[in-house]
Trainee: 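This is the structure, below, for whatever I ask next.
Throughout, protein chains are lettered first and strands after them, A, B, ... in sequence-line order, and every chain is numbered starting at 1.
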Amino acid sequence: MFQPVENNVSFPKQEEAILEFWRDNNIYDKSLAQRENGPKYVFYEGPPTANGKPHPGHCLTRAMKDLFPRYKTMRGFYCERKAGWDTHGLPVEVEVCKEMGIHSKEEIEEFGIEPFIQKCQQSVWQYMRQWEQLTERLGFWVKLDDAYVTYHQSYVESVWWSLKNLYDRGLLYQGHKIIWWWAQGGTALSSGEVGQGYKTVMDPSIFVLFPLVDRDNTSLLVWTTTPWTIPNNQFAAVNEDIEYATVYDPELDHYLIFAKDLVEQIGQKVKRELEIKSTCMGSKLVGLRYVPPFDFYYKKLGQKTGQLKDGQQQFVAWRVTSANFVTTESGSGAVHEAPAFGEVDFELLLAEQDRFEPGQGPELICAVAPNGKFTDEAPDFAGQWVKDADKPIVRWLKDNGKLFFLEQYQHEYPFCWRADEDPLIQYPRRSWFVKTTQFKDELIANNQKINWLPGHIKDGRFGNFLESNVDWALSRERYWGTPLPIWVCEKTGEKEAIGNYDELLAKPGITGTEVWEKAKAANPDLPEDLKVHKPYIDEVTYDSPFASGARMRRVTEVIDCWYDSGAMPFAQWGYPQEGTSQFESQFPADFISEAIDQTRGWFYSQLAISTLLFGKDSDTMTCEYPHPFRNCIVLGLMLGEDGQKMSKSKRNYKEPQEIFDKFGADALRWYFFANQPPWTAIRYREQAIKESIPEFILRLWNVYSFFVLYANIDGFNPASITSPGQLEPAVMVSGDGFRPASERGELDRWVLSELQQTLSDVIERMDAYDNYGACVKITAFVDGLSNWYVRRSRDRFWASDKRAQEKLDAYWTLYECLTTIVKIVAPFVPFVAEAIWQNLVGVFEDSALASVHLCEYPTPAGSKTNAQLSRQMSLLREIASSGRSARMAAKLKVRQPLSGVTVILNDPTEQAWLEAHEAILMEELNVQSVTYTADAGEYVTYQIVPNFKRLGPRVGKLMPKVKQAFADADGSKILEELSTDGKTVIEVEDEQIELDNEDVEVRLQANEGWAAAQGPNAVVVLSTELTPELIRLGKSRDVVRLVQDRRKEMDLQFTDRIDLWLVTDSDELRTAIDENREYIMKETLSVSLNLESPADDIEAIEREVGEDKLSIFIRVAN
RNA sequence: GGGCGUAUAGCUCAGUUGGUUAGAGCGCAUCGCUGAUAACGAUGAGGUCCCAAGUUCGAAUCUUGGUACGCCCA
């Protein structure tokens, strides 16, 4: 006996119970343990940050991260899944600041770094419980209690080890970086923060004269929108490929050089004719020297030269250079360059420096202090806030005849997101870099070996990003992060990197560790891990090996938290201090998956660190490509209900918990997996999630509950199977009443064939990481199982002989289908699969596997697939469908029997098979006969159409004419020839084209005047003539339906036998009933049928059959 | 401004290497079933495949240009 299936199953409730079962029985651990000797399948968890609530987007990534490991585990692989948490970084600091109502670094330092760090460490876990709950509730199997945490000492030390490695190999260096700087607050802003603060403002746009040194009375006309940067001018940039003009300005009596395309436009601005004297390409201007408007630096360095790498001497600055970012869309086609205050300008400086011998090129000049005010290096403006200096600088230019033209222009400019009156400026800061550019080719080569899904990521977004690789700006002037493990000699400035805490403690003359010890003593709850963080680690100093008496002090910076997460492949194990064997066996990963925003985040940081550390030149281990991951599914962005970005304030999405409570995790998972390829943007719509229940989960469930219902009635019990284990088809042989599929009926063989085909399709799709394709196959199978197999098999389940072999066949077939399909869907919808499995194997007690997730994925048995049968059945279903269509068109309801249908097949190959199965069609279409005819000119017109795919390449340009010739030809005649000779010839433009059967496709067109319908392969014609007998038979079916209705109203058991009275005044109806008494009694389980009113007092109900009234009396028979 | 992606039915989305009748689900309409019933089934209506040009015998599919939207970066 199976557990009866409740009528109203609550999937969410059922899921909760299953979670409990998994927990109590350690199913996840067992699923791992039994695969321990299997081949490894390595999965990396990209660590989320638990300092914010999880949202629906995280459900998608977590569902995806669960699917493939579960699948691979069932396929026999050993797949450990270690959870992880990303804990460092600015977002955490910002969260804590918000809580405390502070904002600037000054305020943090006032509050104290020590308590601040402690708050950060606590804040990280604020939402951890919610994250863990979501993870578990979604059915994401991952080892939460063994998670790696980026602030843990062992993790930090792993990161240090890698940084020391890079430093010792000369791959970690200090340089400048231009960042968006909030001068008033003294801090850099992250790009996200900058993006929040854009406002539309008016700024001056000025055209300035840069007099050329070697050309008399001639100036380059240079454009800028930030006058305050002009005192820091170092270059002027033109585009080599733009044409420039030398024009004469009569008013100034002076020659100007700027882009030729802009001559008219600029002439209009100054309202005078500028006459072009000569033109040249920008490349001819490169190298010309000019005199900058201000001489703060020029007076010292204007004549300084340096040695180029090619041996020549060149002036270090105030030259025309070329830059391809210069355009003629605005300005003059010549741009003022102040490398200190613009990222592209700075890159231009780096490019210039690179042309010179080391130390010979231009230095960065910067006359602005971090507070945003001019320094004494620009004495005219010293102490002025740069933005306030715009006006006096423009006035000075004007007074000194350097200003050609001034206008205001409107543009977007970033302001501080917290102090929205404060404009940000681009500003150079000292920063630490990882020399990734040195490994650009290796990065690209490594990327080529990674299997990206979708494929365009490889050479698209990710590949492009690698092509334009710049050195990784690693350091952050912040507090809560992995401290950069570099100590500097206070006297000489010599540096060294430290690889772990013990190495530090072993240094001579070590002091400062007591600061941590005191803090710990005062507050024993402090996690030990904090001792490797600021401020404690900063207190630790030691004797300098570079100068006697000097001390080594740590640099103040922490590192980019992306480096933390990118170091995860080794740092999760604490490698190399510990976990060597784990690391080596779990590197590289077979599979990772995150959303597309990780392209420049975790995908890159992992690839970069891994390539630098484990690439060809490394002195640690080396590893064949691809690493650190082989397959990566890049998920699309998740959108809210309205198709917009999800936003808390707009409330355009439902909390995941609400979805779990209403519809369950399976519904959400199936929606993610089955509705679209995972890399498209996914709309998170409650309605769509809800729909996955009737579309798939409930449909599967209904088949299962149908099975249980009847199996219990008939006492079907598979318990006779010896050693059921995981119930592979092979063990079912021992079951009571089991006979091999080959001996069963066609329908059984058909559904088992479809099952095997589905299985091998799903395996093929899943091995290609195509979950969507797999789900399409699964859905189609479950639909066929429910709407064809079960429906067509009902008779057998209802048959009264419980031991009839055909009935047992049906049970064994459906049992095999169900036990197999739940294994197939287990990785997708683990809960409902488990629920079904447990009941289906419940009869075995302990001799079957307790959980479907401990089973192996079924192995496809090719011998059971039968392509021919599959084709035949599909043709049969098509004919049934066309027949119904014809009935609809003729307005003849299915309950009304008809005398027959005539079927005309395009291709008669399967006719014999179909004839053997006419009973099915008779029942489906409620007709008394099915006839096939080949000679059906009466009903249909034969159309022949060329097989374009085949003929196209052969006849080429003649194709349209061939098509026409086909249309003009007599279809039936050509078919005749083809069927007798196997070939025919048509003539097109004097060419004889020989055709064989393959070159021609036949289409049947139903003729007008018949109740007919056509499908791709057949036409079905109804005989619509109704005899009185047929009409009466139709009425008897109406009667059956009314009786069944009444039975249900009376809440009868569906095995209850009844006595039935049917009373009517209509002779016609009475005759109909009397004629079909046996049929009515059989269908309604009546032991007696009377046409007179009962003697006993039995409640009657009045119904109508057509026009006639009918009274129905029912009594349960004993 | 640059890179990448997307655009197909009222809605959400599929559409394999170019092949002439472009599919599914939901919704809608009509009908059916009423012993699988928070159901279910059938049938149908609904499409200038974003626009334009090109390549081709043939384009939703390839190329170019444009438009709109999204993401990333400036």
Trainee: Which is true for A:Phe663 with a 4.0 Å heavy-atom rule: it touches a base, it touches only sugar-phosphate, or it touches nothing?
Mentor: nothing
Trainee: Using a heavy-atom cut-off of under 4.0 Å over every strand shown, decide if A:Pro946 touches base, sugar-phosphate, or nothing.
Mentor: nothing
Trainee: Can you list everything that forms a side-chain hydrogen bond (donor to acceptor under 3.5 Å, both in side chains) with A:Lys807? Sequence neighbours excluded, please.
Mentor: A:Asp714
Trainee: Look at all strands and tell whether A:Val5 reaches a base, only sugar-phosphate, or nothing, counting heavy atoms closer than 4.0 Å.
Mentor: nothing
Trainee: Kindly point out which of B:rA42, B:rC40, B:rU37 is positioned nearest to the side chain of A:Arg884?
Mentor: B:rA42
Trainee: Please identify each residue that fulfils side chain to side chain contact (heavy atoms under 4.5 Å, CB included) with A:Val335, with sequence neighbours left out.
Mentor: A:Val326, A:Glu337
Trainee: Check this for me: A:Lys961, atom NZ, are more than 12 non-hydrogen atoms of other residues, nucleotides or ligands nearer than 6.0 Å?
Mentor: no
Trainee: Rounded off to whole Å, could you give me the CG-to-C1' distance for the A:Asn787 and B:rG41 pair?
Mentor: 7 Å
Trainee: Expressed as a whole number of angstroms, how long is the span from A:Tyr710:OH to B:rU37:C1'?
Mentor: 12 Å
Trainee: Need to verify one output field. Residue with the more 5' nearest nucleotide on RNA chain B, A:Pro677 or A:Leu698?
Mentor: A:Pro677
Trainee: Run the side chain to side chain contact (heavy atoms under 4.5 Å, CB included) test against A:Glu923 and tell me which residues pass, sequence neighbours left out.
Mentor: A:Arg792, A:Asp795
Trainee: Between B:rA60 and B:rC50, how far apart are the P atoms? Round to whole Å, please.
Mentor: 10 Å
Trainee: So what does A:Val790 hit on the nucleic acid, given a heavy-atom distance under 4.0 Å: a base, only sugar-phosphate, or nothing?
Mentor: base
Trainee: Determine, step by step, whether A:Glu924 and A:Arg877 satisfy the salt bridge (charged side-chain N to carboxylate O under 4.0 Å, His left out) criterion, reporting the C-alpha distance in whole Å, the side-chain angles of both residues, the deciding distance to 0.1 Å, and the verdict.
Mentor: CA-CA 9 Å; A:Glu924 285 289 314; A:Arg877 293 179 73 178; over 6 Å; no
Trainee: Sub-3.5 Å donor-acceptor pair from the side chain of A:Glu594 to the main-chain atoms of A:Phe603, do we have one?
Mentor: no
Trainee: If you look at every strand shown and take non-hydrogen atoms under 4.0 Å, does A:Tyr704 touch a base, only sugar-phosphate, or nothing?
Mentor: nothing
Trainee: Could you run through nucleotides 55-62 of chain B and give me one letter per nucleotide, 5' to 3': B if any protein heavy atom sits under 4.0 Å from the base, S if only the sugar-phosphate is that close, - if neither?
Mentor: --B-----
Trainee: If each of A:Val344 and A:Thr680 is mapped to the nucleotide of RNA chain B with the nearest heavy atom, which maps nearer the 5' terminus, i.e. the 5' end?
Mentor: A:Thr680
Trainee: Polar atoms only, N or O, under 3.5 Å: list the protein pairs with nucleotides 29-32 of chain B and their distances.
Mentor:
| from | atom 1 | to | atom 2 | distance (Å) |
| --- | --- | --- | --- | --- |
| B:rG32 | O3' | A:Arg895 | NH2 | 3.4 |

Trainee: For the residue pair A:Asn926 / A:Arg887, report whether a side-chain donor-acceptor contact shorter than 3.5 Å exists.
Mentor: no
Trainee: Give a yes/no answer on whether the side chain of A:Arg683 brings an N or O atom under 4.0 Å of OP1 or OP2 in B:rU12.
Mentor: yes
Trainee: Does A:Arg794 make a side-chain donor-acceptor contact with the base of B:rA36, cut-off 3.5 Å?
Mentor: yes
Trainee: When you compare B:rC13 with B:rG70, how far apart are their P atoms, in angstrom units rounded to a whole number?
Mentor: 15 Å
Trainee: Can you find a pair of side-chain heavy atoms, one from A:Arg1046 and one from A:Leu1042, that are under 4.5 Å apart?
Mentor: no
Trainee: So what does A:Arg600 hit on the nucleic acid, given a heavy-atom distance under 4.0 Å: a base, only sugar-phosphate, or nothing?
Mentor: sugar-phosphate
Trainee: Which part of the nucleic acid does A:Lys963 contact within heavy-atom distance under 4.0 Å: base, sugar-phosphate only, or nothing?
Mentor: base
Trainee: Just to be sure I follow the notation: if a pair is Watson-Crick (purine N1 to pyrimidine N3 plus N6-O4 or O6-N4) or a G-U wobble (N1-O2 and O6-N3), each under 3.5 Å, what dot-bracket string does RNA chain B give, with | for pairs to another strand?
Mentor: (((((((..((((.....[...)))).(((((.......))))).....(((((..]....)))))))))))).
Trainee: Atom CG of A:Asp714 to atom P of B:rA36: distance rounded to whole Å?
Mentor: 14 Å
Trainee: Within the side chain of A:Asp999, is there an N or O that forms a donor-acceptor pair under 3.5 Å with the backbone of A:Leu951?
Mentor: no
